[in-house]
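Only one structure is covered here, and it is reproduced in the block below.
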Number of protein chains: 2
Amino acid sequence: MTKERRTRQRALVLEVVQSSDDHPTAAQIFQRVRRRYPGIAYATIYNALRWLVNRGEITEYTFGDAAARYDRNPHRHHHALCTHCGQLFDVEVRLPKQILQQASRRTGMKITAHHIQFLGLCSRCAT
Amino acid sequence: MTKERRTRQRALVLEVVQSSDDHPTAAQIFQRVRRRYPGIAYATIYNALRWLVNRGEITEYTFGDAAARYDRNPHRHHHALCTHCGQLFDVEVRLPKQILQQASRRTGMKITAHHIQFLGLCSRCAT
DNA sequence: GTTACTGCAAAGTCTTTGCATGCGG
DNA sequence: CCGCATGCAAAGACTTTGCAGTAAC
């Protein structure tokens, strides 16, 4: 059994992610946590994020750009990325069951999850 | 205007990607090209890949893991990733128009593209 | 002949690791 | 007290950049 420790650092990382609605990267989380806990190490942020992801408390997503982004909302939902300003929005849509069945049939895989990335221009960049 | 040059290196990179059905990473492409052109530099692979992506001859995708993968098939299609062995399959399914309209309405964005990632276990890993 | 591309190495970005110290249980 | 997590720095994986020389046209 793994003994689990709720440390000040992990609590702070979780708190920061939960209070962010902009899907921050590890670097942004580091900066925000450091404002309240200046001595914290970068590695601790990564450790805490991985721990939280494994426990299902937050979710990690990667998009075309380099850094992974973290999401406070652990249930499955989808995302729309503005290709101009990089802003990321949550999208609540449901993929019809038949599409999942099609995907499963055509690949021979047992599909357990899916994620849709929408790309386009946000209302501010579209003008 | 930018004058475009078809060089031996770029031709080889394109040829390697087009003859690969396994969505290779830059490192794999590098190895495969180097078998036929031993002196080629890593940077040249990246330059060639970016050039080919910009011209629309190949497509770049990023998944959870570190390295980008390149796809010989430039038309829009979707992917299924085996979370056990990492193998990536093409998936041909069509997202219903109403889902795109919903996404657009709910985010206020002008959606120009989308990509579905299916996750699960391939037939070999599922047993 | 120009000028864009290559090859090389070095730097840059994001993430992980090794190890001594320290805190949580 | 024991062991996991932290903090620090260094390494690791992937990608980009600067620049001199070379090849495409």
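Side-chain atoms are counted along with the backbone in the values below, which use heavy atoms only and exclude waters and symmetry mates. Numbered from 1 within each chain, the chains take letters A, B, ... in sequence-line order. No experiment lies behind these values; they were computed from the predicted model shown.
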Please report, rounded to the nearest Å, how far the [atom2] atom of [N] is from the [atom1] atom of [X].
X	N	atom1	atom2	answer
B:F63	D:dC14	CZ	P	16 Å
B:Y46	C:dA9	OH	C1'	16 Å
B:N47	C:dT3	CG	P	20 Å
A:R10	C:dG25	CZ	P	11 Å
B:E60	D:dT16	CD	C1'	13 Å
B:L12	C:dC5	CG	P	16 Å
B:R50	C:dA4	CZ	P	16 Å
A:R69	C:dT15	CZ	C1'	17 Å

Query raised in the report: Under the 3.5 Å rule, do the base of C:dG24 and the side chain of A:R6 count as making a donor-acceptor pair?
Result: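 When only heavy-atom distances are counted, A:R6 does not reach the base of C:dG24 through any donor-acceptor pair under 3.5 Å.
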Query - Pair of N/O donor and acceptor under 3.5 Å linking D:dC4 base with A:R5 side chain - result: yes
Requested in this report: Not counting sequence neighbours, which residues clear side-chain hydrogen bond (donor to acceptor under 3.5 Å, both in side chains) with A:Q9? List them please.
Outcome: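 So A:Q9 forms a side-chain hydrogen bond (donor to acceptor under 3.5 Å, both in side chains) with A:Y37.
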Query raised in the report: What residues, two or more places apart in sequence or in another chain, satisfy side-chain hydrogen bond (donor to acceptor under 3.5 Å, both in side chains) together with B:Q101?
Result: none
Geometric class of the [Y]/[X] ring pair [parallel <30°, tilted 30-60°, perpendicular >60°]:
X	Y	value
A:F63	A:H79	perpendicular
A:Y46	A:Y42	parallel
B:H77	B:Y61	perpendicular

Report summary line: For residues 9-18 of chain B, the salt bridge (Lys or Arg N to Asp or Glu O under 4.0 Å) pairs (sequence neighbours left out) are B:E15-B:R36
Report task. Return each pair, listed once, that meets salt bridge (Lys or Arg N to Asp or Glu O under 4.0 Å) where at least one residue sits in residues 81-96 of chain A; pairs must be two or more places apart or across chains. Result ->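 For residues 81-96 of chain A, and leaving out neighbouring residues, there are no salt bridge (Lys or Arg N to Asp or Glu O under 4.0 Å) pairs at all.
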Requested in this report: Ignoring backbone atoms, establish whether B:T7 has a side-chain N or O less than 4.0 Å from OP1 or OP2 of C:dT6.
Outcome: yes
Query raised in the report: Side-chain N or O of A:Q9 less than 4.0 angstrom from OP1 or OP2 on D:dG7?
Result: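 For A:Q9, the contact criterion (side-chain N or O under 4.0 Å from OP1 or OP2 of D:dG7) is met.
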Query raised in the report: For B:R106, does the CZ atom sit with more than 12 other heavy atoms under 6.0 Å from it, leaving out its own atoms?
Result: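 It does: B:R106 CZ has more than 12 such atoms within range.
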Touch check for [X], heavy atoms < 4.0 angstrom, all strands: base, sugar-phosphate only, or nothing?
X	result
B:A68	sugar-phosphate
A:R8	nothing
B:A26	sugar-phosphate

**Report entry** Terminal axes of the helix from C:dG1-D:dC25 to C:dG25-D:dC1 (five pairs each): angle between them, nearest 10 degrees
**Finding:** 40°
Query - Which atom of A:R69 lies closest to which atom of A:L88, heavy atoms considered - result: NH1-CB, 3.4 Å
Query raised in the report: Quick one: does B:S104's side chain have a donor or acceptor within less than 3.5 Å of a partner on B:K110's backbone?
Result: no
**Report entry** Sub-4.0 Å heavy-atom contacts from residues 33-45 of chain B onto DNA chain C, ordered by number
**Finding:** B:Y37, B:G39, B:I40, B:A41, B:A43, B:T44
